[in-house]
Amino acid sequence: MTATLFALVDCNNFYASCERLFRPDLQGKPIVVLSNNDGCVVARSAEAKQLGVKMAVPVYQVMDMIRAHNIAVFSSNYALYADISNRVMTTLEHMVPRVEVYSIDEAFLDLSRLDRCQDITQLAADIRQRIQQWIGISVCVGIGPSKTLAKLANYAAKKYPMTQGVVDLRTTERQRRLMALTPIDEVWGIGRKIAQRLKLMGIHTALQLADAPPKLIRDSFSVTVERTVHELNGIACDDIQQLVATKQQIVSSRSFGERITHLTAMQQAINDYTCRACEKLRVEGQFARTLSVFIRTSYFTEHQPQYSQVLTGNLTYPSDDTRDFIALAQRLLSRLWREGYAYAKAGVMLGDFYAPGVFQLGLFDEVKPQPKSRALMNLLDSVNHSGKAKIQFAGQGLNADWSMKRNQLSPRYTTQWAHIPTVK
DNA sequence: TCTGGGGTCCTAGGACCC
DNA sequence: TCTGGGGTCCTAGGACCC
């Protein structure tokens, strides 16, 4: 068996860097990017981090700091980030044969066997340089014999400037030296809850976890954490996943810009989310059979009455026709709905997927698929993707006050002709 | 007043069967 | 009806990730 070798390439402050690409006036200035609904901070430039703006903090808590330091604030512009992300990933795919796009700003590379014919640290430096020069985004590269160690290397490359953005953990000695310095919370796969319990067991550093008996860890937690122990010891438990797995579920949910107290508004919101979920389903080329609807009040207003429920229903046959799911969603909502609450969030989930054509209607089923389904859905999607117009179902409502807040949205510089930046 | 959205995987427990 | 082991399937909930 040949030894495995991975790299993790991770963009630095990705959303903030994307915003800055088209705003050279913000060079060296602090930037934050907000979550949907302009709720909390999800990305910060180096300068904003320096000022002490924490990750995931609600905006209103840092408003004074934003004013005092003139921090540039942006709503999330996913159209822009997705496009820049594609450029980064394409560049990587030209440089190494096997790439796993892990998230919008990260990719794992398979370097196994590549180290026989290439200087790996030089390759890492080339990757950094090319992405910086071609796209204008700076990245860090971590190298190790397992994904977990590559992640750890990347963490170090970001944390310690003298590494120049590349950390190579091919030797056990370096692995152990870094792990001894790394708190358990920074290990990939160890979240808040498990970190807390590990600390009670006297395990505080990555190295202590690596040296813990796997059996004990499995019995105290789960196989997932046990795998992390192996991965920290350089035993790869997870390979590069080049093919994008088909989804198991599709979720469409949002917090409301303003609380919903009337059924009509909630019906509109649920219709809207159902339409979006079905669009995603058709992009996947799948059919679904189950749909769940949930509605809930806000966790954060403890003095007000709370309500949170989910209901799941089935179609008699798998479908990708929005009309089928709207009907089902509304039936579920009417059973879920309770008057007298201020609802903060709702959503729908599609599940139980089938490839088209693999299911069969029962001979005596009374329900028949919607007429002209394929043609209508194709038309709907092609018009909505054309950018020229939108077709909606009547139940979705127009410009509702519950819809998402995005007050600081930047232009879609790279994906809309009308938004292309001009140079004066 | 103001606190994201979209995923995956694993486990425990109940229903049901032989 | 009770006794018992062993298996499958499903769902809910918890934990994690970005």
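The model shown is predicted, which means the values in this text are computed figures rather than measured ones. All chains are named by letter (A, B, ...) in the order of the sequence lines, taking the proteins before the strands, and each is independently numbered beginning at 1.
Here the C1' atom of nucleotide dC16(C) and the NZ atom of K147(A) are 15 Å apart, to the nearest Å. Residue N154(A) contributes atom CG, which lies 11 Å from atom P of dC18(C) at whole-angstrom precision. Whole-Å rounding puts the I184(A) CD1 to dC16(C) C1' distance at 14 Å. Here the P atom of nucleotide dC18(C) and the CG atom of N13(A) are 15 Å apart, to the nearest Å. One can place CG of D185(A) at 10 Å from P of dC17(C), the figure rounded to the nearest angstrom.
Residue pairs meeting the side chain to side chain donor-acceptor pair (under 3.5 Å) criterion with at least one member in residues 56-66 of chain A: none, sequence neighbours excluded. Annotation: ring-ring contact (aromatic ring centres under 6.0 Å, His included) contacts involving residues 180-224 of chain A, sequence neighbours excluded, comprise Y102(A)-W188(A), F108(A)-W188(A).
Heavy-atom distances under 4.0 Å link DNA chain C to G189(A), I190(A), G191(A), R192(A), K193(A), I194(A) of residues 189-217 of chain A, given in residue order. Non-hydrogen atoms lying under 4.0 Å from DNA chain C are contributed by Y102(A), S103(A), D105(A), E106(A), all within residues 99-107 of chain A.
Stretches of at least 3 consecutive Watson-Crick or G-U wobble pairs, with each checked distance under 3.5 Å, appear in DNA chain C as B:5-18 with C:5-18.
Checked by atom type and distance alone, the side chain of S146(A) never pairs as donor or acceptor with a backbone atom of A236(A) at under 3.5 Å.
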What one-letter contact string describes nucleotides 1-11 of chain B from 5' to 3', where B marks a base within less than 4.0 Å of any protein heavy atom, S marks contact via sugar-phosphate atoms alone, and - marks no contact? -BBSSSSB-SS
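Remark: R130(A) engages no residue in a salt bridge (charged side-chain N to carboxylate O under 4.0 Å, His left out) (not counting sequence neighbours). Qualifying ring-ring contact (aromatic ring centres under 6.0 Å, His included) partners for F22(A), counting only residues two or more places apart in sequence or in other chains: Y413(A). Partners of K151(A) according to the salt bridge (charged side-chain N to carboxylate O under 4.0 Å, His left out) rule, which considers only residues two or more places apart in sequence or in another chain, are E106(A). For R259(A), the salt bridge (charged side-chain N to carboxylate O under 4.0 Å, His left out) criterion is met by no residue, not counting sequence neighbours. Listed by chain and number, the residues in a side-chain hydrogen bond (donor to acceptor under 3.5 Å, both in side chains) with T414(A) are D83(A) (sequence neighbours excluded). With sequence neighbours excluded, no residue forms a salt bridge (charged side-chain N to carboxylate O under 4.0 Å, His left out) with R174(A).
Nucleotides dC17(C) and dG4(B) have their C1' atoms positioned 14 Å apart, rounded to a whole Å. On the P atoms, dC2(C) is 16 Å away from dC16(B), given to the nearest whole Å.
Aromatic ring centres of Y307(A) and W337(A) lie farther apart than the 6.0 Å criterion allows.
In summary, the side chains of N314(A) and T316(A) do not present any donor paired with an acceptor at a separation below 3.5 Å, with no hydrogens or angles considered.
With respect to E226(A) and K215(A), no salt bridge is recorded, no charged nitrogen being found less than 4.0 Å from a carboxylate O.
Counting non-hydrogen atoms of neighbouring residues, nucleotides and ligands closer than 6.0 angstrom, the OH atom of Y78(A) exceeds 12 such neighbours.
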